[in-house]
Amino acid sequence: QVQLVESGGGLVQAGGSLRLSCAASGRTFSSAAMGWFRQAPGKEREFVAGISRSGDNTYYADSVKGRFTMSRDNAKNTVYLQMNSLKPEDTAVYYCAGRKEAASRSVYVRGVNYADWGQGTQVTVSS
C-alpha cells in the first residue's frame, strides 16, 4: 500500500494562493495516476484535479479550471496543487489520492478509481 501525506494547507484571504504537496512512499509512484479531491463541511467529496502517471495529461473540475494547477515530480515522489485566486468556496479539506498501475495517459475523476488516500489538509479561505 502507498502512503500519502499532504501538506501546505492553511488560512488565506480571498484572492490569495497556496501550494499543496502530497508526498508518497514506495517505489510504485511513477506508475500511479494521482488526484486531488476536496470535501467541505456538509458536502460530498468532489474531484478537483487529476494527473497521469508521467504528468503529460491533466484534468480539472470546472470550478477550479484556470486557477489551480496540478503537477508532479516523480523523482521526489510528490504531487503538487498550486491554487491561485482562491475563493471562500474553495474552503475544504483537500485529499490526495493515488491509483497504481494506471494506464499511460489516463486521468481518473471518480474517487472509487483510487485505492490510496492521504489524511487530508485543511484549506480555509476568508472573505
Novice: Can you sort out the partners of F47 under ring-ring contact (aromatic ring centres under 6.0 Å, His included), two or more places apart, ordered by chain and number?
Specialist: F37
Novice: Less than 3.5 Å apart, which donor and acceptor atoms pair up between the side chains of residues 66-77 and the rest of the protein, not counting sequence neighbours?
Specialist:
from	atom 1	to	atom 2	distance (Å)
R67	NH1	S85	O	2.9
R67	NH1	D90	OD2	2.8
R67	NH2	S63	O	2.8
R67	NH2	D90	OD1	3.0
R67	NH2	D90	OD2	3.4
R72	NE	R53	O	3.3
R72	NE	N74	OD1	2.7
R72	NH1	A32	O	2.7
R72	NH1	S52	O	2.8
R72	NH1	R53	O	3.4
R72	NH2	F29	O	2.9
R72	NH2	A32	O	3.0
R72	NH2	N74	OD1	3.2
D73	OD1	A75	N	3.0
D73	OD1	K76	N	3.4
N74	ND2	R53	O	3.1
N77	ND2	A24	O	3.4
N77	ND2	G26	O	3.0

Novice: Would you list the pairs meeting ring pair (Phe, Tyr, Trp, His ring centres under 6.0 Å) in which at least one residue belongs to residues 74-98, sequence neighbours left out?
Specialist: none
Novice: Mind checking salt bridge (Lys or Arg N to Asp or Glu O under 4.0 Å) for E46 and listing every partner two or more places apart, or none if nothing turns up?
Specialist: R38
Novice: Please list all pairs passing the disulfide bond (SG atoms under 2.5 Å apart) test where one or both residues lie in residues 43-77, with sequence neighbours left out.
Specialist: none
Novice: Among all residues two or more places apart in sequence or in another chain, which pass the salt bridge (Lys or Arg N to Asp or Glu O under 4.0 Å) test with K43?
Specialist: none
Novice: Verify side-chain contact (heavy atoms from CB on, under 4.5 Å) between V48 and L81, making sure each step is shown before the conclusion.
Specialist: CA-CA 10 Å; V48 175; L81 185 68; 4.2 Å; yes
Novice: Would R45 and W117 count as a side-chain contact (heavy atoms from CB on, under 4.5 Å) here? Give the steps.
Specialist: CA-CA 13 Å; R45 182 181 63 192; W117 292 83; 3.4 Å; yes
Novice: May I have the step-by-step check of side-chain contact (heavy atoms from CB on, under 4.5 Å) for V123 and L20, ending in yes or no?
Specialist: CA-CA 9 Å; V123 171; L20 305 184; 4.0 Å; yes
Novice: According to side chain to side chain donor-acceptor pair (under 3.5 Å), does anything in residues 19-30 pair up with another residue at least two apart or in another chain? List the pairs.
Specialist: none
Novice: Do other residues, nucleotides or ligands put more than 12 heavy atoms under 6.0 Å from Q39 CD?
Specialist: yes
Novice: Only counting residues at least two apart or in another chain, list the ones meeting side chain to side chain contact (heavy atoms under 4.5 Å, CB included) with A103.
Specialist: S106, Y108
Novice: Considering all heavy atoms of both residues, which atom of Q119 and which atom of E6 are nearest to each other, and what is their separation?
Specialist: OE1-OE1, 2.8 Å
Novice: Run the side chain to side chain contact (heavy atoms under 4.5 Å, CB included) test against A23 and tell me which residues pass, sequence neighbours left out.
Specialist: T78
Novice: Apply salt bridge (Lys or Arg N to Asp or Glu O under 4.0 Å) to R105 and list each qualifying residue two or more places apart in sequence or on a separate chain.
Specialist: D56
Novice: At what distance, to the nearest 0.5 angstrom, does CG of L86 lie from CG of L18?
Specialist: 5.5 Å
Novice: Could you go through the side chain to side chain donor-acceptor pair (under 3.5 Å) check for Q122 and T124 one step at a time?
Specialist: CA-CA 6 Å; Q122 176 71 47; T124 303; 3.3 Å; yes
Novice: I'd like to know if the side chain of T121 reaches the main chain of G9, judged simply by a donor and an acceptor atom lying under 3.5 Å from each other, with no hydrogens or angles considered.
Specialist: yes
Novice: How far does CG of N113 sit from CZ of R99, to the nearest 0.5 angstrom?
Specialist: 5.0 Å
Novice: Between S17 and Q82, is the side-chain contact (heavy atoms from CB on, under 4.5 Å) condition met? List the steps.
Specialist: CA-CA 8 Å; S17 298; Q82 178 67 43; 4.0 Å; yes
Novice: Over all heavy atoms of both residues, which pair between S127 and P88 is shortest? Give the atoms and the distance, please.
Specialist: CB-CG, 3.8 Å
Novice: Would you list the pairs meeting disulfide bond (SG atoms under 2.5 Å apart) in which at least one residue belongs to residues 82-127, sequence neighbours left out?
Specialist: C22-C96
Novice: Specify the closest pair of heavy atoms between A49 and Y60, including all atoms of both residues, with the distance to one decimal.
Specialist: CB-CD2, 3.6 Å
Novice: With sequence neighbours left out, write down each residue that passes salt bridge (Lys or Arg N to Asp or Glu O under 4.0 Å) with D116, or none if nothing qualifies.
Specialist: K100
